[in-house]
Structure formats: C-alpha cells, structure tokens
Amino acid sequence: MTAHSGSEGRPPAADELLERWRQHFQASDYAGLTDLYHPEAFLVGSRPEVFIGRDRIREYFESLGPMTQPDVRFSDVNSRLTRPGLFRG
C-alpha cells in the first residue's frame, strides 16, 4: 500500500485518505503528509499565499513550527477539479 493506493492496490477511499492525512499531521510528519498530495496540487492555507506543488506545500507545513498536540477534524469535505493553468507557480 502506498500513499496513493488503498488496500488491495485500488485508490484509497476519501475517509481512508483523510485519516492518513490526520495521522501524518498529528505526528508532524510533513514529508509523509505532503506525499499524499498530487505533485501539482495547490494549498490555500492560513495565509493569503497559494502554495503550489509538493515542495511548497511541505514548506508551508514546516513553517507552522512545533505544535503542542496537533489535531485536525474534517467536516463538510468537498473536492473539485480545477482547470489547467488556474494558478501559475
């Protein structure tokens, strides 16, 4: 099983992927966390900047600094495809 596959080699279900994200975040494992992202993914975090690509997304998480008992909960999760070239890196 890899970051991009579920058990039995199929794509992971959304809840499985979100659980992996939460586990990596809680462990401050930003390399594992960003490996869950597509190489051309973008992140709109808690800053006005858009972080494009895995390296920049990892930089964002690493810049958050040490956290005491990091936790995250997901609710009302939606996903959308964007058109190519929407953001320029």
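Only heavy atoms go into these numbers, but all of them, side chains included; no hydrogens, no water, no symmetry mates. Position 1 is the first residue of the sequence; numbering continues from there. Just so we're clear, the structure is a prediction, and the values are computed from it rather than from any experiment.
In this view, D55 satisfies the side-chain contact (heavy atoms from CB on, under 4.5 Å) rule with no residue, not counting sequence neighbours. Under the rule for a side-chain contact (heavy atoms from CB on, under 4.5 Å), the partners of R22 that lie at least two apart in sequence or sit in another chain are E19, Q26, D71, V72, F74.
Here the side chains of L43 and V50 are not in contact, with every heavy-atom distance at 4.5 Å or above. Looking only at side-chain heavy atoms (C-beta outward), W21 and Y37 come within less than 4.5 Å of each other.
Atoms CD and OG1, from E59 and T34 in turn, are 10.5 Å apart once rounded to the nearest 0.5 Å. Residue L36 holds its CG atom at 7.0 Å from CZ of R20, rounded to the nearest 0.5 Å. Going from atom CG of L33 over to atom CZ of F25 covers 8.0 Å, rounded to the nearest 0.5 Å.
When every heavy atom of R47 is checked against every heavy atom of L64, the shortest pair comes out as NH2-CD2, 4.2 Å. Of all heavy-atom pairs spanning R54 and D35, the tightest one is NH2-O, 3.7 Å. Closest non-hydrogen pair, R58 versus Y30, comes out as NE-O, 4.2 Å.
Judged purely by distance below 3.5 Å, without hydrogens or angles, the side chains of S46 and Y60 pair a donor atom with an acceptor atom.
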